Amino acid sequence: VDGLQVAIDGPSGSGKGTAAKMLAKEIGLPVLDTGLLYRLIGGLAIERAIALDESESLVALANEMLESVAWTVDGITFDGENWTDRLRSEAVGNAASKVASQPEVRECLLGLQRKIAESGCVMDGRDIGTVVLPGAQAKFFLTASVRERARRRWIQLKEQGGSSLEAVVEELKMRDQRDQERQHAPLLQAEDAIAIDSTTMRVDDVVDRMTGVLERRG
Ligand code: C5P
């Protein structure tokens, strides 16, 4: 699997993060959840009260982040501190999506993502198959109905004492729309990506489908 690049894209709650981790473990590759990079910038911007459309300050923040970010299969650290749990909230997800609509911010993260993938990687996000790793040997586009995706998010958020299912559906729709309609690197299925609708699938079956594709391709 040396040098193998697997791109997994899809909307929030499609199960791509869990599937990416499980697949990476199974085939013995590192994994990067690129959403965490955008979430970290969003989280830092909130903490420092930087407006989410102030592109110059956000680029400075992104560059600062690139200096002292590190990650493991369990998440992301900044300045030696583990930020993963703090970044899971819907507020940070929304901030991440706003920050991610700034092309200058995306540009900052492009080099890092490509460098990580050089020696082989499973990478999940929104634009991995289309922009970050257009030459990836395998590309998957994971979807699920908006209700099912909201239900999954809601169960996660409930553990932190979160909001109603209806509120999660509405927030998810808004974030989907922003991610799909932005000008730069919108959420889009790559032409050569294999679509998997996970609405009624267990994550194990999603991963089996992916390993099946990889095996057939040798
Ligand atoms: O996947 P996750 O929900 O953690 O991503 C948070 C936000 O970061 C998304 O709504 C999206 O706007 C942005 N993102 C992106 N490109 C990626 C990964 C995430 O624009 N490759």
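Just follow the structure's listing: the first ligand is 1, and inside any ligand the first atom is 1. Side-chain atoms are counted along with the backbone in the values below, which use heavy atoms only and exclude waters and symmetry mates. In this text, all values refer to a predicted model and were calculated from it rather than measured experimentally.
A138 approaches L214 most closely through the heavy-atom pair CB-CD2, 3.5 Å.
Counting only residues at least two apart or in different chains, side chain to side chain donor-acceptor pair (under 3.5 Å) contacts with residues 27-44 comprise Y38-R106. Applying the side chain to side chain donor-acceptor pair (under 3.5 Å) definition to pairs two or more places apart or across chains, those involving residues 108-126 are R126-D179.
In this structure, R86 is positioned above the aromatic face of W83, its NZ or CZ under 6.0 Å from the six-membered ring centre and within 45° of the axis.
With salt bridges taken as basic N to acidic carboxylate O contacts below 4.0 Å, one links R175 and E90.
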Would you mind listing each N/O atom of ligand 1 next to any protein N/O under 3.5 Å, plus the distance?
unit_1   : atom_1 : unit_2 : atom_2 : d
ligand 1 : 1 (O)  : K16    : NZ     : 3.4
ligand 1 : 1 (O)  : R126   : NH1    : 2.8
ligand 1 : 1 (O)  : R126   : NH2    : 3.4
ligand 1 : 3 (O)  : R39    : NH2    : 3.0
ligand 1 : 3 (O)  : R126   : NH2    : 3.2
ligand 1 : 3 (O)  : R175   : NH1    : 3.0
ligand 1 : 4 (O)  : R39    : NE     : 2.6
ligand 1 : 4 (O)  : R39    : NH2    : 3.4
ligand 1 : 10 (O) : R126   : NH2    : 3.4
ligand 1 : 10 (O) : R175   : NH1    : 2.8
ligand 1 : 10 (O) : D179   : OD2    : 2.7
ligand 1 : 12 (O) : D179   : OD1    : 2.6
ligand 1 : 12 (O) : D179   : OD2    : 3.3
ligand 1 : 12 (O) : R182   : NH1    : 3.4
ligand 1 : 16 (N) : R106   : NH2    : 3.0
ligand 1 : 20 (O) : R106   : NH1    : 2.7
ligand 1 : 20 (O) : R106   : NH2    : 3.3
ligand 1 : 20 (O) : R182   : NH1    : 3.0
ligand 1 : 20 (O) : R182   : NH2    : 2.9
ligand 1 : 21 (N) : T34    : OG1    : 3.0
ligand 1 : 21 (N) : R126   : N      : 3.1
ligand 1 : 21 (N) : D127   : OD1    : 2.9

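Here A167 pairs with S163, S164 under the side-chain contact (heavy atoms from CB on, under 4.5 Å) rule; sequence neighbours left out.
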